[in-house]
Each structure stands twice: as C-alpha cells, then as structure tokens.
Amino acid sequence: MSGDPTAGVDIGGTKIRAAVVAPGGAVLASATAPTPSGGEAMLDVAADLVARAVASAEVPVAAVGVGAAGVVDPGTGEVLAASDSFTGWVGTNLRDGFGSRTGLRVVAANDVDSFLVGEATWGAVRGVRSAAGIALGTGVGGALWLDGALYRGAGAAGEIGHMPGFGDARCTCGQRGHLETLASGRSVARRYAELGGGPDGGAEVGASEVEARALAGDEVAVQVLADVGHAVGSAVLMLAALLDVGHVVVGGGLARAWDLLEPALLARLRDEPPVSGHTIEVRSAVLGGDATVVGAAALARRL
Ligand SMILES: [Zn+2]
C-alpha cells in the first residue's frame with residue numbers, strides 16, 4: 001500500500017478535478033471538467049475523471065479520496081448539508097457512489113478538510129502537530145488538524161465561517177453575524193458596494209476587482225480587505241483559546257490578496273495574544289489549486 005499511488009478528487013461548485021498522486025505528494029496526472037447539476041451526474045463525471053487520470057498516469061491506484069463541497073458524514077460518506085447552489089447534492093452517498101463506479105476503496109471528506117490534509121502532509125504546515133485550515137473563497141471554510149490527524153467531529157468540525165459574533169449582516173446560511181459575512185469573497189464585494197467604494201459606487205465589483213483596487217490605493221478597498229484580516233484574526237484567537245493550535249494555514253481565492261489581509265490579521269493576534277502565551281504562526285497556503293486533490297489522496301493513503 002505505501003508504495004502505490006492513490007487518487008484524489010476535488011468536487012467544487014464550478015469544476016471537478018481528479019488527480020493521481022504519488023506517495024511523496026507529486027501529481028502524476030490529472031483531469032478536470034465543469035461540475036454538472038445533480039448528485040448522480042456529479043459522481044458520474046468525477047468517476048470518469050478518476051478513470052481518465054489513472055489511464056494517463058499509467059499506474060494502478062490503491063484507493064481514492066474524495067474532497068467535496070458540503071458537510072460530509074465521516075462514518076457513512078453521505079453529504080449531510082450543502083449550499084443551495086448544489087442541486088441534488090444533499091443525501092448523495094460519496095463512498096457508495098464512488099465505490100460502485102470505480103471499484104476502489106473510498107474515503108470521503110469535506111473539501112476544506114482535504115485542503116488542510118494536503119497542506120499538513122506536503123504543504124505550508126507540513127510536520128506540525130496541530131493546525132487550523134481556513135479557506136477564504138466564495139464562502140469561508142475551516143478545518144482542524146489536531147495531534148497529527150484530521151479532526152472531523154460529526155462532519156462539520158472547524159466550520160469557522162459560521163461562527164457568530166461578527167456583526168449583524170445576514171449570512172448565506174440564513175443566520176446573522178457569522179464570520180463569512182465579513183471574510184468571504186462574496187462579502188468583500190457586498191461590503192465594498194455598501195461602503196460606496198470606487199468612482200462607480202462599488203456596484204457590480206467582484207472580490208478580485210476589489211483586491212486590484214486595493215493594490216492601486218483605493219482606500220475603501222484597502223479597508224474592506226483589512227476588515228477581512230481583522231475578522232480572521234479574531235476567529236484564529238477563538239480557535240487558539242479552544243484548541244491551542246499553534247499554526248494556521250490560510251488558502252482560497254481571497255488569500256491571493258494575502259499582503260492586504262496579513263497586516264490586520266497579525267495586528268489582531270499581537271493586540272490580544274492567547275492566554276496560553278503560545279505564539280500562533282499564520283501561513284499562506286502553498287499547494288494552490290492542488291491542495292484539495294492531493295489532500296484527498298493523502299486521506300486515501302490512510303485507508
Ligand atoms: Zn452562516
């Protein structure tokens with residue numbers, strides 16, 4: 001087992017990616033396709049991508065790991081919850097669905113869990129004892145690596161995007177004041193518009209454009225992104241108080257604006273250090289778009 005490659009799959013809202021990953025973490029082959037609508041169709045496409053990646057890698061794989069959007073039951077492999085944009089996804093059984101389609105042993109986890117396993121196995125927090133993973137994408141995802149292993153709880157452990165205490169804005173989940181209302185790409189765009197940023201009042205400006213404007217010196221854009229850093233810093237302090245994690249890895253599309261987020265994040269940690277006296281090291285993710293597939297493949301190595 002230890003010498004055989006494994007396959008990893010990243011099932012996201014816009015695309016599905018599969019890769020064959022060597023025991024040392026190298027991607028030997030990969031294949032990507034747009035995400036179709038419906039759970040069974042998503043499984044069909046994902047299984048086909050695994051087959052294509054295995055065929056082009058020209059090596060047998062021992063098992064497959066699936067990192068999927070949504071809350072995934074660690075015991076059964078069933079998708080327990082997902083955002084509204086995933087039609088027919090809740091209730092899909094990833095383990096059975098993949099097992100029957102590929103004939104391989106399957107482990108299924110949340111995509112941010114897989115991202116953190118990737119970064120903890122071969123990336124920015126490799127070799128650390130305990131770390132939190134934060135994915136700042138369209139939404140905000142989180143995951144926990146405790147004492148050298150992924151901690152999943154009943155499937156939603158580490159979901160910091162939906163921690164309360166971050167103002168009063170309505171969250172995508174329907175509740176108010178969650179971290180995601182300040183620190184997601186969607187929220188960055190919304191807040192920039194609310195604050196009337198830019199010569200056009202900020203309407204219809206996406207997060208990547210807010211980032212570009214911040215780099216060009218737009219004060220509202222700079223403030224909105226600093227608010228992200230401050231909010232994430234507060235979330236990190238809560239994680240540190242609860243779990244004493246010494247490392248945090250931050251990834252996702254919004255983390256491309258790292259230089260704009262990091263000063264406010266670090267200032268937050270400096271101003272209110274954990275009662276433990278332990279320092280918290282915050283690192284930017286290094287595996288980029290591969291983190292989830294290689295992390296899922298790393299989970300499969302543990303089967
Ligand atoms: Zn929420």
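We're numbering straight along the sequence, starting at 1. Atoms within each ligand, like the ligands themselves, are counted from 1 in listed order.
Remark: side-chain polar atoms of R190 are not paired, donor with acceptor, to backbone N or O of R186 under 3.5 angstrom.
Of the angles at the Zn ion (ligand 1), the one spanning SG of C173 and SG of C171 is 110° when given to 10°.
Side-chain atoms of P5 and L28, non-hydrogen and from C-beta on, do get closer than 4.5 Å to each other.
Distances from the Zn ion (ligand 1) to the N/O/S atoms of H162 are shortest for ND1. Checked against the Zn ion (ligand 1), the N, O or S atom of H178 at the shortest distance is ND1.
Exactly one of V64, V107, T6, V66 qualifies for a side-chain contact (heavy atoms from CB on, under 4.5 Å) with L299. That residue is V107. Results of the side-chain contact (heavy atoms from CB on, under 4.5 Å) test with W122 over V286, V294, D290 single out V294 as the only residue that passes.
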